[in-house]
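Read through the structure below, which is laid out as structure tokens, and then see the notes.
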There are 2 protein chains.
Amino acid sequence: MARVSIRKAKAADTEAALKAAARQLFVEQGYLKTKITDITRAAGRSTGSFYEHFPSKEALLEALLGDLREQASEEVTAQLHPADHDLTDREQLRAHLAAAWHTMRDNLPVVLAVHEAAIAAGPGSGEWWQQLTTDTVVLRDHLQQLRDHGHPLPGEPELVAAAMGGMLATLAFALLPAGPDRYSDDQVIDTVTGLLLGGLRG
Amino acid sequence: MARVSIRKAKAADTEAALKAAARQLFVEQGYLKTKITDITRAAGRSTGSFYEHFPSKEALLEALLGDLREQASEEVTAQLHPADHDLTDREQLRAHLAAAWHTMRDNLPVVLAVHEAAIAAGPGSGEWWQQLTTDTVVLRDHLQQLRDHGHPLPGEPELVAAAMGGMLATLAFALLPAGPDRYSDDQVIDTVTGLLLGGLRG
DNA sequence: GTCTATACGCGGATAGAC
DNA sequence: GTCTATCCGCGTATAGAC
């Protein structure tokens, strides 16, 4: 009986339940505001049970981040990257931005949480800049390549990549948690594509 | 004797000392990480003294924000706005972006703190989007005007304005706290100007 | 492995002397 | 108005029974 085995598996793997509850709460009320007791309660477990699986809330986030990377690497190896993107081509730029957007949407809980954690770390840590640059390395490489082929850019590849990534991330954080009520995914992607295309063409 | 009157004034106005200490700490270690006791200690006062001036850390931030608005309104009425900006003109776009950048730089402690507070409020609050849009109303109006004159935009004025503001704000938060070590102000402003200009021209 | 109950520490906030 | 000393609540983390 499927139902029984499902229950068994669910009961056995409290870890999965905790992760699922955490994901939901991170979107609903944010990572910082979410207490460990909130997670255990939402997962239907007791407080003490949490520490059997994770030493802290940060560790739980690390675990979620690990799951994300694992899944992401599968997808990447499965399909993209064509390696030689030409970001001055409207369709290719749009595809790249759309991929980034949907990745953020699909992994919103973790993406959101990591961002909150970075903010909470404080400005002095330099973590904000580091996170922004590492998240946009791929973009930077494409821009670097473009530049190597003689194409003029509005500035340093790293800086341009950071600017583009910052724009997209800000919109994602501001719009996605509320749902598609204000602007549709396509609307955002089209707008950003149009706004950036001219600058990349030079 | 200047020295005496200075000491007197300083002693009398603990409030100013607390504000100054808060500003410094907000940049150094961030708003969220800064405890009330950190502020009083940095200001050379006792814990209890704080509450004689502000009921809470949030109230202190409000006060700082009030100071900022007061000063900002003076500057604005003193000089700008020419009302009919043409953001498709490189110099005018640059001037606008530069003004925004320097405002953020000059008021970094408060700007940073408000942002951190908004993040801590959580995604569900919708506060992120609200703050982004209110901070870019002026920009939106200029874009709206441009559109009314028949100029094509890459998307809804509000959305385009939010995208532009998000880009600039992200770079400011990531780069300004560290000082001008990585990229100079001009470098950032030039890059962003070049990146956005093409998209606004259509 | 999961529960209940409880201890611990931190930061916010107040009491009361000066 | 400022200080010192103290309290209180919340969230983290642990102890110990089952």
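All values derive from a computational prediction rather than experimental measurement. Sequence lines set the chain letters: A, B, ... in the order given, protein chains first and strands last, and positions in each chain run from 1.
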Query raised in the report: B:L18 CG to D:dG1 C1': how many Å, rounded?
Result: 12 Å
**Report entry** Partner set under side-chain contact (heavy atoms from CB on, under 4.5 Å) for A:Q24, not counting sequence neighbours
**Finding:** A:E28
Report task. Could you walk me through whether B:Q145 and B:D141 pass side chain to side chain donor-acceptor pair (under 3.5 Å), step by step? Result -> CA-CA 6 Å; B:Q145 190 181 352; B:D141 289 346; over 6 Å; no
Requested in this report: Indicate the ring-plane relationship of A:W128 and B:H115, choosing parallel, tilted or perpendicular according to the 30° and 60° boundaries.
Outcome: perpendicular
Report task. Could you note down all residue pairs passing side-chain hydrogen bond (donor to acceptor under 3.5 Å, both in side chains) where residues 167-184 of chain A supplies at least one of them, sequence neighbours left out? Result -> A:T170-B:T170, A:Y183-B:E158
**Report entry** Sidechain N-carboxylate O distance under 4.0 Å for A:R147, A:E156
**Finding:** yes
Query raised in the report: Please give, in whole Å, the distance from C:dA15 C1' to B:E52 CD?
Result: 13 Å
Requested in this report: Could you state the atom-to-atom distance from CZ of A:R41 to C1' of C:dT2 in whole Å?
Outcome: 18 Å
Report task. Let me know the distance between CG of B:D38 and P of C:dG11, rounded to the nearest Å. Result -> 8 Å
Report task. Measure the distance from CD1 on B:I39 to C1' on C:dG12 and round it to the nearest whole Å. Result -> 12 Å
Report summary line: Atom CZ of B:F50 and atom C1' of D:dT4 are separated, to the nearest Å, by 18 Å
I'd like a table of atom pairs between the protein and nucleotides 8-18 of chain D - only N or O on both sides, under 3.5 Å - with the distance next to each one.
residue: D:dT12; atom: OP2; partner: A:I36; partner atom: N; Å: 3.2
residue: D:dA13; atom: OP2; partner: A:Y51; partner atom: OH; Å: 3.3

Query raised in the report: Less than 4.0 Å between a side-chain N and a carboxylate O, is that true for A:D38 and A:R41?
Result: yes
